[in-house]
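Below is one structure, written out as structure tokens; comments come after it.
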Amino acid sequence: MEPQNLTSVSDFFLLGLSEDPDLQPFLLGLFLSMYLVTMLGNLLIILAVTSDSHLHTPMYFFLSILSLADMGFISTTVPRMIVNIQTHSRVISYVGCLTQMSFFILFGHMDGTLLTVMAYDRFVAICHPLHYPGIMSPRLCCFLVWVSVFVSLLDSQLHNLLVLQVACFKDVEISNFFCHPSQLLKLACFDTFTNTIIVYCVGTISGFLPISGIFFSYYKIVSSVLRVSSSAGKYKAFSTCGSHLSVVCLFYGTAIDGYLGSALSPSPKKDVETSVMYTVVTPMLNPFIYSLRNRDIKRALWRILRRTT
């Protein structure tokens, strides 16, 4: 396809997961079910946290915000894919593509920064339990959430500006089911190397800082717990971090695999599979990880169930 000027490119084409027409009903049912399960699971966590006074603590406040971010994260990609499958259309407008990319980066980055904030919360709770109420005050909790939103918004707008600098595209087909920023920049018909380097540098920095914060927090937590003499005390301390650590490994494991995989060995099929993992599967599993491993959440949900029945 001939390179097209930006002014003449009004639409992009999302290649999706598969072009097999017999597979489309199965994909429609599968991803619609996954989306509904994700929304329901995260809504139940938010409902449990807001309705139960025992859960009005910093840890569960951050968990409810994380659930909101997960709902926004999956809503930027899956509904559009479901509509495309239903209408047999793969077209997305240029403005729609930039909007989807912006919200994708915004909510994805919010997930990472909120996981870092939650790691800091666990660090204060375990290493400085006597000062925990004073340190994790409502004002600080709100401030940390707003910082997370601001940094995520800054990152998304930076990617937006990079794409807006592209004067022409050599193709309009995106080999994914949503407008992925790195794949969108690969379609630029000139200066792709510089743009790609900038994207990966920004991604590395925005990923390295939260991971460093999480690693430092857990380093302090492990050092503090190992000084506890009783095995019951060690188990109790580690059990409060189990759910969070599981979500961290799931989120960053799939994201890093997709990020490094597309950089080292580009493969459209592998990129799509990895995108499904961290944009669909991870937000769907997060509520189950927190609810199944957390007694307080389960008790709150049982109270809600008893009240409704």
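One is the number of the first residue; the rest follow in order along the sequence.
Contact check for M39 versus S75: side-chain heavy atoms found under the 4.5 Å cut-off. Contact annotation: the side chain of M277 never approaches that of T282 to less than 4.5 Å [non-hydrogen atoms, C-beta and beyond].
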Compile the donor-acceptor pairs under 3.5 Å between side chains in residues 40-48 and protein atoms, sequence neighbours left out, one pair per line.
unit_1, atom_1, unit_2, atom_2, d
N42, OD1, S67, OG, 3.3
N42, ND2, T38, O, 2.9

Review item, side-chain donor-acceptor pairs of residues 24-32, under 3.5 Å, at least two apart:
unit_1, atom_1, unit_2, atom_2, d
Q24, NE2, S18, O, 2.9
Q24, NE2, D20, O, 2.9

Show which side-chain atoms of residues 138-154 pair as donor or acceptor with protein atoms under 3.5 Å away, not counting sequence neighbours.
unit_1, atom_1, unit_2, atom_2, d
S148, OG, T113, OG1, 2.4
S152, OG, H109, ND1, 3.2
S152, OG, M110, N, 3.1
S152, OG, S148, O, 2.7

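Connection of L130 to I135 is not established within any shared hydrophobic cluster, with ILVMFWY side chains joined at heavy-atom distances below 4.5 Å, either directly or through further cluster members. Cluster membership check: F216 does not share its hydrophobic cluster with L245, using side-chain heavy-atom separations under 4.5 Å among Ile, Leu, Val, Met, Phe, Trp and Tyr. Both I74 and L36 belong to a single network of hydrophobic side chains, linked directly or stepwise wherever heavy atoms of I, L, V, M, F, W or Y lie under 4.5 Å apart. There is a path of hydrophobic side-chain contacts, each under 4.5 Å, that joins V91 to Y94. The hydrophobic cluster containing F215 does not contain V117, counting ILVMFWY residues as joined when their side-chain heavy atoms lie under 4.5 angstrom apart, directly or transitively.
The structure places CZ of F177 at 12.0 Å from CD1 of I92, a figure rounded to the nearest 0.5 Å. Note that the CD1 atom of I221 and the CG atom of L226 stand 11.5 Å from one another [nearest 0.5 Å]. Between the OG atom in S89 and the CZ atom in F13 there is a gap of 8.0 Å [rounded to 0.5 Å]. If you take OH on Y35 and OG1 on T77, they are separated by 9.0 Å, rounding to the nearest 0.5 Å. S246 contributes atom OG, which lies 8.5 Å from atom CG of L250 (distance to the nearest 0.5 angstrom). With values rounded to the nearest 0.5 angstrom, L106 atom CG is found 10.0 Å from D111 atom CG.
More than 12 heavy-atom neighbours from other residues, nucleotides or ligands sit within 6.0 angstrom of OH on Y218.
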Verify side chain to side chain contact (heavy atoms under 4.5 Å, CB included) between C241 and I126, making sure each step is shown before the conclusion. CA-CA 10 Å; C241 305; I126 293 174; 3.5 Å; yes
Evaluate I105 against M101 for side chain to side chain contact (heavy atoms under 4.5 Å, CB included), listing each step before the verdict. CA-CA 6 Å; I105 297 172; M101 183 192 70; 4.0 Å; yes
Please determine whether side chain to side chain contact (heavy atoms under 4.5 Å, CB included) holds for the pair M136 and F62, giving the CA-CA distance in whole Å, both sets of side-chain angles, and the decisive distance to 0.1 Å. CA-CA 11 Å; M136 300 303 297; F62 294 134; 3.7 Å; yes
Could you walk me through whether V78 and M34 pass the side chain to side chain contact (heavy atoms under 4.5 Å, CB included) test, one step at a time? CA-CA 9 Å; V78 175; M34 295 173 74; over 6 Å; no
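S217 approaches F123 most closely through the heavy-atom pair CB-CB, 4.0 Å. Taking both residues in full, the closest heavy atoms of K220 and C127 are given as O-SG, 3.5 Å, listed atom of the first, atom of the second, then distance. Between F103 and T76, the shortest heavy-atom distance links the atoms CB-CG2, 3.5 Å. Considering all non-hydrogen atoms of both residues, M284 and V37 come closest at CG-CG1, 3.9 Å. Of all non-hydrogen atoms in A300 and L55, the two that sit nearest each other are CB-CD1, 3.7 Å. Nearest heavy-atom pair, Y252 versus P210, reported as atom, atom and distance to 0.1 Å: OH-CB, 3.2 Å.
The list of side chain to side chain donor-acceptor pair (under 3.5 Å) pairs with a residue in residues 55-66, not counting sequence neighbours, reads Y60-N294, Y60-D296. Listed by first then second residue, pairs satisfying ring-ring contact (aromatic ring centres under 6.0 Å, His included) with a partner in residues 67-88 read F73-F104, not counting sequence neighbours. Sorted by first and then second residue, the side chain to side chain donor-acceptor pair (under 3.5 Å) pairs involving residues 123-138 (not counting sequence neighbours) are D121-Y132.
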